[in-house]
Amino acid sequence: QVQLVESGGGLGQAGDSLRLSCAASGRAFRNYAMGWFRQAPGKEREYVAAIARSTGITFYADSVKGRFTISRDNANNMMYLQMNMLKPEDTAIYYCAARTRKSLSTSAYFMEGAYDYWGQGTQVAVSS
């Protein structure tokens, strides 16, 4: 029912900046908790960042804290991930995720299972 489409991925080198976008369908976007996850080659998908539905409070994995910024534009059903100071270890497919049901507890934002819908992913490749 809910469609999520990521864009903005590409090739870069260490130190570059890149902004990922996630376009979401639905009139109730402002009520969705949203998150970014990534999957590097040969590794499991991992949590990157999340943003709450009402307050807009943000959460970050330690690996990206201080470099990445998650934000949302509820008027346009958009979520963003601003990635600065990119590192080769940031190379991965980045996925947008949404939870459309009841409100989450704080700890649940880190869990893949807390999200109901996922985008197709956008590739980010960072060389040294």
Side-chain angles (χ1 to χ4, degrees):
Q1 293 180 345
V2 176
Q3 290 187 319
L4 303 173
V5 181
E6 304 95 333
S7 62
L11 304 177
Q13 59 186 32
D16 282 356
S17 294
L18 199 62
R19 190 178 77 159
L20 305 184
S21 298
C22 174
S25 66
R27 296 173 59 187
F29 175 74
R30 66 172 58 248
N31 295 321
Y32 303 162
M34 302 292 295
W36 286 100
F37 291 77
R38 67 186 182 186
Q39 186 169 22
K43 297 185 177 181
E44 295 183 340
R45 187 166 56 189
E46 66 175 351
Y47 163 79
V48 175
I51 185 165
R53 58 187 66 192
S54 298
T55 64
I57 294 173
T58 58
F59 308 86
Y60 298 94
D62 289 342
S63 60
V64 305
K65 191 172 184 178
R67 299 188 298 120
F68 291 9
T69 302
I70 187 172
S71 62
R72 64 192 300 164
D73 180 356
N74 290 333
N76 293 292
N77 281 22
M78 297 291 293
M79 181 181 64
Y80 305 98
L81 184 68
Q82 178 65 48
M83 304 185 294
N84 297 327
M85 298 178 287
L86 285 168
K87 302 177 180 180
E89 50 262 46
D90 295 321
T91 295
I93 299 175
Y94 284 72
Y95 297 92
C96 170
R99 179 176 174 86
T100 64
R101 306 179 79 168
K102 64 177 62 178
S103 180
L104 294 174
S105 60
T106 300
S107 62
Y109 284 103
F110 310 104
M111 303 170 59
E112 293 183 22
Y115 298 88
D116 304 308
Y117 298 94
W118 296 81
Q120 84 289 347
T122 185
Q123 177 71 57
V124 172
V126 184
S127 64
S128 59

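For the numbers below, each heavy atom of this structure counts, side chains included, while hydrogens, waters and symmetry mates do not.
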Check: Gln123 side chain, Ala92 main-chain N or O, donor-acceptor pair, under 3.5 Å: yes
Flag, side chain of Thr122 to backbone of Ser7, donor-acceptor distance under 3.5 Å: no
Steps toward side-chain contact (heavy atoms from CB on, under 4.5 Å) verdict (Met34, Ile70): CA-CA 9 Å; Met34 302 292 295; Ile70 187 172; 5.5 Å; no
Shortest non-hydrogen contact between Ser63 and Arg38, atoms and distance: OG-NH2, 3.5 Å
Please tabulate, one pair per line, all N/O donor-acceptor pairs under 3.5 Å involving side-chain atoms of residues 13-27, not counting sequence neighbours.
unit_1	atom_1	unit_2	atom_2	d
Asp16	OD2	Gln13	N	2.9
Ser17	OG	Asn84	OD1	2.9
Ser25	OG	Gln3	N	2.8

Intermediate values then yes/no, side-chain contact (heavy atoms from CB on, under 4.5 Å), Cys96 and Trp36: CA-CA 5 Å; Cys96 170; Trp36 286 100; 4.1 Å; yes
Minimum-distance pair of heavy atoms, taken over all atoms of Lys102 and Arg53: O-NH2, 3.2 Å
Trace of the side-chain contact (heavy atoms from CB on, under 4.5 Å) decision for Met79 with Ile51: CA-CA 9 Å; Met79 181 181 64; Ile51 185 165; 4.1 Å; yes
Same cluster (ILVMFWY, side-chain, under 4.5 Å), Leu4 and Met78: no
Partner set under ring-ring contact (aromatic ring centres under 6.0 Å, His included) for Tyr47, not counting sequence neighbours: Phe37, Phe110
Interatomic spacing from OG1 in Thr91 to NZ in Lys43 - rounded to 0.5 Å: 10.0 Å
Set of residues satisfying side chain to side chain donor-acceptor pair (under 3.5 Å) with respect to Arg72, sequence neighbours excluded: Asn74
Pair Met83-Arg67, side-chain contact (heavy atoms from CB on, under 4.5 Å): steps then yes or no: CA-CA 6 Å; Met83 304 185 294; Arg67 299 188 298 120; over 6 Å; no
Distance, nearest 0.5 Å, that separates OG1 of Thr69 from CG of Leu81: 8.0 Å
Path from Tyr60 to Val48 over hydrophobic side-chain contacts below 4.5 Å: yes
Hphob cluster co-occupancy, Phe29 + Tyr115, side-chain heavy atoms under 4.5 angstrom: no
Side-chain donor or acceptor of Asp116 paired with backbone N/O of Arg99 under 3.5 Å: no
Qualifying ring-ring contact (aromatic ring centres under 6.0 Å, His included) pairs with a residue from residues 66-102, counting only residues at least two apart or across chains: none
Contacts of Glu89 that satisfy side-chain contact (heavy atoms from CB on, under 4.5 Å) - sequence neighbours left out: Lys87
Considering all heavy atoms, the nearest Thr100-Tyr32 contact: CG2-CE2, 3.5 Å
Residues forming a side-chain contact (heavy atoms from CB on, under 4.5 Å) with Thr55, sequence neighbours excluded: Ala52, Ile57
